[in-house]
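Here's the structure we're looking at; comments come further down.
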Amino acid sequence: MLFDNYSLNTLALTNRIVMPPMTRSRAGAGDVATDMMADYYAQRASAGLIISEGTQISQQGQGYAWTPGIYSDAQIAGWKKVTDAVHRAGGKIFAQLWHVGRVSHTVLQPGNAAPVSSSAIQAEGVKVFVDVEGRGPENGVGDMVQHSMPRALTVEEIPAIVNDYAQAARNAMAAGFDGIELHGANGYLINQFIDSQSNLRDDEYGGSLQNRLRFMKEVVEAVSAAIGKERVGIRLAPLTTLMGSRDDTPEATYLAAASVLNEIGIAYIHIAEADWDDAPVMPAAFKEALRIIFHGTLIYSGKYTPERAEEALAKGWADLIGFGRPFIANPDLPYRLQHNLPLNEPIREKFFGGGAEGYLDYPLQRA
């Protein structure tokens, strides 16, 4: 198993640090990962595990300008440069496979079609980043616009999307990734099927909790069959309401999801906790129940400090901890935390699009 080395109480925090997925919108023409991206990930290879930025499994799965894909030969070759660079630097890297569902715009869709979702519901106020003028990522100039009205997927269309996930997983292996993480969080397609307020279907993919979990289960089983369940993780956001996604009974829903995932036997669940100011705190009882139900590795991310991380590890809630924004500005984050060194502050204006500035030029601490 990939995560055997992360058994509880055997490693210090600095060896259990994950770099979680973070959209940076710097893919090149054809949504291909670039040499600059290879340098970016290699700089951060001291993480215990890197999870790539969200990587669309098809053009239909894209929701933002300049995000990389993993469905064409050129995209596989681009990612191979990234994984080779990370491995040369001694790191491990998983690809996060992404279908945004309704969180897209017609200008990003094949033939300017409507985005797809579990149900034809538009999340008001949910915006996507588009490059209307076609200026490219190097300019870092785009527009945030309301996502387009989606249409509901038919039952007959769903197997093709499940197959897109499985093929993307195979492509990730061909690109040299160590495994894949399914993006089932933050209001994207898998999440849209799971949560009761975004799934109003009355067929076998909606209604009951079992039916709402069906799409997730089929995707996880398909990618597990394609590349091996020991190379599969999934990111979930049980109690957050990002991108307009809400569930009426979130704790029951996501503990049931964890039970399904445990039965399949995948490598890990990556829990995305709410990370905005004044965000709700995930109850300890929920974390304890999740640990009882799911027997694989548990990763938590969401505005963690070293103190919160140590508590989560000590109490057995988590095996690994993701530090997101600190990794943007601190490629050597594990070293800095180990030696209690000050952290660089990220330049928020450089998060999405642009060149090397605010991407590759953060200073490193030297031993």
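Since we're looking at a predicted model, the values are computed, not measured.
Side-chain atoms of Thr34 come within 3.5 Å of backbone N or O of Met37 as a donor-acceptor pair. Checking side-chain atoms of Arg325 against main-chain N and O of Pro346 turns up no donor-acceptor pair under 3.5 Å. In this structure a side-chain-to-backbone donor-acceptor pair under 3.5 Å is present from Gln146 to Ala123. The backbone N or O of Gly324 sits nowhere less than 3.5 Å from a side-chain atom of Ser301 that would complete a donor-acceptor pair.
Using a 4.5 Å heavy-atom threshold, the side chains of His147 and Met243 count as separate. The shortest side-chain heavy-atom distance between His87 and Ile93 falls under the 4.5 Å cut-off. Using a 4.5 Å heavy-atom threshold, the side chains of Ile190 and Tyr188 count as separate. For the pair Ile70/Phe177, a side-chain contact is recorded, criterion being any heavy-atom separation below 4.5 Å from C-beta on. Looking at Trp79 and Ser52, their side chains come closer than 4.5 Å, going by heavy atoms from C-beta outward. At least one side-chain heavy atom of Gln75 sits less than 4.5 Å from a side-chain heavy atom of Asp31. Looking at Ile266 and Ser224, their side chains come closer than 4.5 Å, going by heavy atoms from C-beta outward. Residues Met173 and Arg231 are in side-chain contact: their nearest non-hydrogen atoms beyond the backbone lie under 4.5 Å apart.
Residues satisfying the side chain to side chain contact (heavy atoms under 4.5 Å, CB included) criterion with Thr253, sequence neighbours excluded, are Ile194, Leu209, Arg212, Asp247, Thr249. Applying the side chain to side chain contact (heavy atoms under 4.5 Å, CB included) rule to Leu298 yields the partners Ile269, Leu290, Arg291, Phe294, Tyr300, Asp319; only residues at least two apart in sequence or on another chain are considered. In this structure, the salt bridge (Lys or Arg N to Asp or Glu O under 4.0 Å) partners of Lys80, at least two apart in sequence or on a different chain, are Asp84. When the ring pair (Phe, Tyr, Trp, His ring centres under 6.0 Å) test is applied to Phe352, no partner is found at least two apart in sequence or on another chain. A search for salt bridge (Lys or Arg N to Asp or Glu O under 4.0 Å) contacts involving Glu345 returns nothing, not counting sequence neighbours. With sequence neighbours excluded, no residue satisfies salt bridge (Lys or Arg N to Asp or Glu O under 4.0 Å) with Asp39. In terms of the side chain to side chain contact (heavy atoms under 4.5 Å, CB included) criterion, residue partners of Ala226 (sequence neighbours excluded) are, by chain and number, Ala166, Arg170. Every residue two or more places apart in sequence or in another chain was checked for a salt bridge (Lys or Arg N to Asp or Glu O under 4.0 Å) with Glu251, and none qualifies. When the side chain to side chain contact (heavy atoms under 4.5 Å, CB included) test is applied to Glu218, the partners found at least two apart in sequence or on another chain are Ile158, Val162, Tyr205, Arg214.
Note: Phe94 and Tyr268 have tilted aromatic rings, judged against thresholds of 30 and 60 degrees for the angle between ring planes. The aromatic rings of Tyr165 and Phe215 stand perpendicular to each other, their planes meeting at an angle above 60°, with 30° marking the opposite boundary.
Summarising the local packing, CG of Asp202 is surrounded by 12 or fewer heavy atoms from other residues, nucleotides or ligands at distances under 6.0 Å. At most 12 non-hydrogen atoms from other residues, nucleotides or ligands lie less than 6.0 angstrom from CD of Gln210.
Nearest heavy-atom pair across Phe327 and Met22 is CB-CE, 4.1 Å. Listed here is the closest heavy atom pair of Asn199 and Gln192: CB-O, 3.5 Å. The two residues Asn262 and Gly296 have their closest heavy-atom pair at OD1-N, 4.4 Å. Nearest heavy atom pair, residue Val128 against residue Gly63, reads CB-O, 3.2 Å. Contact detail for Ile57 and Ala168: the closest heavy-atom pair is CG2-CB, 3.5 Å. For the pair Thr67 and Ala27, the tightest heavy-atom approach, listed with the atom from each and the gap, is C-CB, 3.9 Å.
Residue pairs that meet the side chain to side chain donor-acceptor pair (under 3.5 Å) test with at least one member in residues 21-30, sequence neighbours left out, are Arg24-Tyr40.
There is no path of hydrophobic side-chain contacts, each under 4.5 Å, that joins Ile76 to Tyr71. Linking Ile, Leu, Val, Met, Phe, Trp and Tyr whenever their side-chain heavy atoms come within less than 4.5 Å leaves Val82 and Val32 in two separate clusters. Residue Leu337 is grouped with residue Ile328 when hydrophobic side chains (ILVMFWY) are merged at heavy-atom distances under 4.5 angstrom, including chains of intermediate members. By the criterion of side-chain heavy atoms lying less than 4.5 angstrom apart, applied directly or through intervening Ile, Leu, Val, Met, Phe, Trp or Tyr residues, Ile292 is not grouped with Phe286; the two fall into different hydrophobic clusters. Transitive grouping of hydrophobic side chains (ILVMFWY, heavy atoms separated by less than 4.5 Å) brings Leu261 and Leu239 into a common cluster.
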Which donor-acceptor pairs under 3.5 Å do the side chains of residues 148-156 make with protein atoms, sequence neighbours left out?
from	atom 1	to	atom 2	distance (Å)
Ser148	OG	Thr106	N	3.1
Arg151	NH1	Glu157	OE1	3.0
Arg151	NH1	Glu157	OE2	3.3
Arg151	NH2	Glu157	OE2	2.7
Thr154	OG1	Glu157	N	3.2
Thr154	OG1	Glu157	OE1	3.2

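Residue Gln96 is tested with Arg235, Glu181, His270 for a side chain to side chain donor-acceptor pair (under 3.5 Å); the sole match is Glu181. Just one residue in the list Leu313, Ile17, Val18 forms a side chain to side chain contact (heavy atoms under 4.5 Å, CB included) with Leu320, and that residue is Val18.
Under the 4.5 angstrom side-chain criterion for Ile, Leu, Val, Met, Phe, Trp and Tyr, the cluster partners of Leu200 are Ile121.
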Test log, rule side-chain hydrogen bond (donor to acceptor under 3.5 Å, both in side chains), inputs Glu53 and Tyr41: CA-CA 10 Å; Glu53 60 208 274; Tyr41 283 106; 2.6 Å; yes

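Atoms CD and OG, from Gln60 and Ser104 in turn, are 9.0 Å apart once rounded to the nearest 0.5 Å.
A donor atom on one side chain and an acceptor atom on the other are not found under 3.5 Å apart for Tyr359 and Gln43. Side-chain contact annotation: Asp248 with Gln197, donor-acceptor N/O pair under 3.5 Å present.
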